[in-house]
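Contents: one structure, followed by commentary.
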Amino acid sequence: GGQGYLLVHIRSYGEGLKLVLSQDITERERADTMRRDFVANVSHEIRTPLTVLSGFIETLASLPLTEVERKRVVDLMMQQAERMQGLVADLLTLAQIEGSPRPASDRWTRVDQLLQRVETDAAGLSRDRHVLQFDIETNGGACEIAGVESEWLSAMGNLVSNAIRYTPDGGEIAVRWTLQPEGGAVFSVRDSGIGIAPEHIPRLTERFYRVDGSRSRETGGTGLGLSIVKHVVQRHGGELRITSEAGKGSTFTLTVPAARVRMR
Ligand code: ADP
């Protein structure tokens with residue numbers, strides 16, 4: 001098998017190679033562990049709503065319910081189905097982004113349309129429960145960024161939906177878009193929400209990493225949002241920066257390196 005082969009090589013080539021090979025194995029083991037963890041996580045995330053759904057189906061099938069009770073059960077079933085739909089949608093987005101390592105280099109996205117969508121989605125999610133503030137200058141529709149609109153919408157939309165989900169009613173959410181004088185642009189979302197303790201910040205973009213699993217699920221989270229954001233930004237050569245203070249709020253900042261203002 002492969003392992004015997006490795007041992008022969010270690011003996012015949014000495015210490016230097018042993019080091020290289022063992023690093024190689026560790027790398028592969030890590031990849032294997034990550035894959036196993038991922039499959040386990042996905043299975044768990046799907047099994048939970050399925051179990052709940054089965055319970056509700058059983059209730060519907062076996063108990064005599066009033067019209068009001070029946071409606072309540074059906075609403076709860078709908079919520080669980082939506083949760084699974086959200087998870088599958090996020091998994092597909094991740095797979096799509098990871099499957100094509102480089103974004104199309106000749107595609108440009110109009111920033112005014114993109115941010116208009118982000119704003120409309122934000123209003124729909126918040127439903128007037130928060131103070132939403134948009135501070136956006138798009139040079140009369142002439143500003144464009146490199147990349148496909150759906151990817152950027154996914155990245156920016158995830159940051160805004162997180163800000164809304166992790167900010168109690170009455171809180172403030174400020175979205176900004178700023179062109180940098182030296183080129184490129186910065187997109188930021190600041191919220192006055194629950195914030196994040198410093199030890200969690202470096203791990204937030206890991207798939208399925210959550211500070212508080214039950215709160216995240218309750219508010220419709222899949223645990224994949226920030227890993228999608230990170231992938232989108234990285235493959236466009238940008239950066240995601242997170243600053244936060246527990247109990248006070250958070251700021252998520254995307255740098256977008258390739259932005260241009262079209263001349264008319
Ligand atoms: P989820 O679907 O769980 O929100 P994400 O990948 O989008 O998954 O975020 C990972 C975790 O980061 C969340 O579960 C939450 O604990 C934390 N988080 C993300 N955004 C915010 C925010 N604006 N304020 C506080 N915590 C946040």
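We number each residue from 1, following the sequence as shown. Both ligands and their constituent atoms are indexed starting at 1 by order of listing.
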Would you name the heavy atoms of Ser227 and Arg207 that are closest together and state the gap between them?
OG-CG, 3.7 Å
Thinking salt bridges, do Asp32 and Arg35 make one under a 4.0 Å N-O criterion?
yes
So, taking the atom named [atom1] in [X] and the one named [atom2] in [Y], what distance separates them when rounded to the nearest 0.5 Å?
X	Y	atom1	atom2	result
Leu254	Ile145	CG	CD1	9.0 Å
Phe252	Ile196	CZ	CD1	4.0 Å
Leu125	His130	CG	NE2	10.0 Å
Leu94	Lys230	CG	NZ	10.5 Å

Under a 4.0 Å heavy-atom cut-off, what residues line ligand 1?
Asn162, Ala163, Arg165, Tyr166, Asp191, Ile194, Gly195, Ile196, Leu204, Tyr209, Arg210, Val211, Ser216, Gly221, Thr222, Gly223, Leu224, Gly225, Leu226, Ser250, Phe252
